[in-house]
Amino acid sequence: MRLTIVERRVPASDHVELLLDASGLGRRPEPGQFLHVATGGTLRRPLSFSRVDDGRVGILFRVVGAGTAWLAGRAVGEDLDVMGPLGRGFPPPPPGPLALVGGGVGIPPLFFYAQCWPDASLAVLLGARDREALVMVDDFGARGLHPALCTDDGSFGRRGRVTDLLATWLSAHPHGSVMACGPAPMLHEVARLTTDAHCPAWLGFEQRMGCGVGACLACVVPGAPGAGRTWYRVCTDGPVFAREMLYGEAPP
Amino acid sequence: MIRDVDLTAHIGRIVLQNPVLAASGTFGFGPEYRAHVDMRRLGGIAVKGVAVDSWSGNPPPRVWETPSGLLNSIGLQNPGVRAFIRDDLPFLRELGTVLVVNVIGHTVDEYRRVSECLARESGIAALEVNISCPNIKEGGMQFGHDPDRAFEVVRAVVETAGRPVWVKLSPNTDRVLEVGQAAQSAGAAALTAINTLLGMAIDLDRRRPALGGGSGGLSGPAIRPVGVRVVYEVSRRIPLPVVGMGGIETARDALEYFMAGASAVMVGTATFGRPDAMTRVIDDLPEILRQYGFGSVAEAVGAAHPPAKGEADEH
Ligand SMILES: Cc1cc2nc3c(=O)[nH]c(=O)nc-3n(C[C@H](O)[C@H](O)[C@H](O)COP(=O)(O)OP(=O)(O)OC[C@H]3O[C@@H](n4cnc5c(N)ncnc54)[C@H](O)[C@@H]3O)c2cc1C
Ligand SMILES: Cc1cc2nc3c(=O)[nH]c(=O)nc-3n(C[C@H](O)[C@H](O)[C@H](O)COP(=O)(O)O)c2cc1C
Ligand code: FES
């Protein structure tokens with residue numbers, strides 16, 4: 001399917017957000033779902049939805065290689081060849097306080113989540129390597145959500161890891177739940193902290209993909225030992241997984 | 001006057017409505033692409049390799065993009081033949097598209113047992129024996145690199161299959177003709193070629209092979225000349241129908257394979273980029289065949305072969 005680019009933003013250096021006319025999209029996306037985008041190479045590139053408004057959907061990405069560089073070079077009025085929405089997104093907010101924990105390019109799907117659940121009582125905890133990679137802070141702010149921020153190099157917010165912010169939040173909210181998206185080491189740590197705190201958590205993963213529809217078995221992540229499945233597919237069983245599916249009941 | 005172009009393809013006694021099949025391992029076990037591809041329009045579907053018991057496959061990353069191609073080390077993950085029969089075969093049977101089941105094993109006996117299990121099932125047109133599997137009794141050397149081992153595997157499957165057996169050739173050996181001949185003497189009804197080429201990429205950041213499995217199989221347009229060469233040689237020397245594959249993206253690419261001697265083609269990697277790749281090839285074939293002077297697929301098969309001795313060259 002082809003979606004037309006209606007707006008192009010540059011939220012930070014090396015980052016581009018494209019807003020696409022959503023009228024060609026069959027279904028309304030859920031936060032955590034992704035578009036599989038053709039970028040001129042052999043394989044498509046999976047990118048999460050960053051927002052939905054006024055009949056438009058967003059993808060916000062960091063330029064890291066040939067595919068994202070190609071995408072960053074597209075202009076308003078051009079069409080993108082996309083498949084989607086694909087995958088399983090984040091569940092509705094459980095009762096009680098909820099923290100959104102985002103790292104780097106894991107932040108966009110969490111902003112979309114906040115957009116979808118305006119009445120939820122949300123804490124937003126964001127981290128990235130540096131100030132430039134800490135995207136969408138103003139978008140959260142415009143919704144009255146004031147994220148707690150940290151960067152690896154201390155260039156913005158606290159110096160440290162977003163999981164340090166999460167540890168503090170969990171001790172103050174023993175009945176809280178967590179939705180997290182970011183690099184795998186961050187998600188491992190979120191899994192450990194939330195298991196220890198007996199708080200439910202849902203985790204949005206990345207993996208290198210082929211087909212994006214469950215056919216090639218490229219995009220696997222290991223299932224929890226003894227939980228029945230050796231591997232789950234990020235494209236169709238995820239990208240969002242309930243923590244138990246991958247980590248079982250014991251702290252990783 | 002515009003002639004109607006006949007797309008029917010014959011692989012032995014199997015008749016395909018058109019010569020374009022989905023290549024094994026790129027189209028899942030059947031239902032995965034149903035929302036994205038009009039599966040009834042395909043000439044056929046080769047499902048992912050099935051073994052007698054489940055295989056867990058290789059650690060990720062399992063794919064890595066390369067210039068005009070793709071390296072994969074899926075490691076033949078599959079749920080085993082009984083789960084395939086229970087969970088996927090009913091859907092495929094209902095679909096009615098010509099179904100080819102790709103068969104894998106670590107030993108001759110494992111191949112035989114998959115074939116036996118499938119022999120009781122209806123709705124399967126042919127088995128495709130993937131001989132590019134490590135032979136655990138011979139230190140992991142692939143069956144498909146040794147004519148004698150290939151003969152044993154193919155014979156075991158032919159004896160038990162009760163339906164035509166196709167044999168998929170590996171390009172990673174200089175003995176591909178001998179292996180093809182061994183498959184023929186073991187009773188194969190057709191040859192399919194080619195499987196992926198062995199390759200490797202290094203992840204510069206991690207200073208390690210990029211794929212979790214170390215090396216992997218190269219597919220996509222990068223390997224098309226290799227596939228065309230193997231199909232050309234095999235189809236000239238071995239009197240069996242050949243199903244060609246390797247890097248096919250367009251109807252022109254398919255025609256290249258027909259002229260090289262393929263009676264039908266399979267499309268794999270191209271589907272990842274464009275789920276409609278196969279249906280576009282099917283849609284574009286009549287025009288391309290006509291443009292190059294063919295009234296049917298059958299007329300194009302082997303058109304690039306030199307004329308047999310004594311036959312006048314028309315050009
Ligand atoms: C479900 C999902 C959602 C994602 N959402 C976003 C997002 O919203 N914003 C964003 O900036 N990035 C996101 N990513 C990561 C994004 O897909 C990669 O950054 C992108 O594919 C890199 O492509 P490239 O050609 O520029 O890089 P290259 O490194 O040249 O890509 C080479 C190959 O590796 C794959 N690849 C490289 N990095 C990754 C990665 N981290 N995850 C998966 N595949 C990768 C590419 O798809 C391509 O096949 C997401 C990944 C997944 C799996
Ligand atoms: C991800 C992937 C998985 C594959 N799995 C199998 C398999 O299970 N059995 C098999 O015989 N071939 C398998 N193949 C090989 C393809 O069927 C085909 O021979 C090869 O990819 C060349 O065709 P292509 O360039 O059109 O992809 C696989 C290829 C890919 C890319
Ligand atoms: S990308 Fe093919 S199974 Fe997930």
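Since we're looking at a predicted model, the values are computed, not measured. Each chain gets a letter, A, B and so on, in the order the sequences are listed, and its residues count up from 1.
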So OH of A/Y247 and CZ of A/R192: to nearest 0.5 Å the spacing works out to 12.0 Å

Between chain A and chain B, which N or O donor and acceptor atoms come closer than 3.5 Å?
residue : atom : partner : partner atom : Å
A/T42   : N    : B/E65   : OE2          : 3.2
A/T42   : OG1  : B/G69   : N            : 3.4
A/T42   : OG1  : B/G69   : O            : 3.4
A/L43   : N    : B/E65   : OE1          : 3.1
A/R44   : NE   : B/G273  : O            : 2.7
A/R44   : NH2  : B/G273  : O            : 2.8
A/R45   : NH1  : B/E65   : OE1          : 2.8
A/R45   : NH2  : B/E65   : OE1          : 3.4
A/A215  : O    : B/G28   : N            : 3.3
A/L217  : O    : B/R62   : NH1          : 2.7
A/W231  : NE1  : B/S56   : O            : 2.5

Are A/E78 and A/T4 close enough that a side-chain donor and a side-chain acceptor fall under 3.5 Å? no

Heavy-atom distance under 4.5 Å between the side chains of B/M266 and B/I248, does that happen here? no

Proximal component of A/M1, with respect to chain B [non-hydrogen, under 4.5 Å]: neither

With A/V57, the side-chain contact (heavy atoms from CB on, under 4.5 Å) member among A/L18, A/V52, A/L19: A/V52

Side-chain heavy-atom pair A/V76, A/V6 within 4.5 angstrom cut-off: no

A/P91 backbone acceptor or donor facing A/Y113 side chain under 3.5 Å: yes

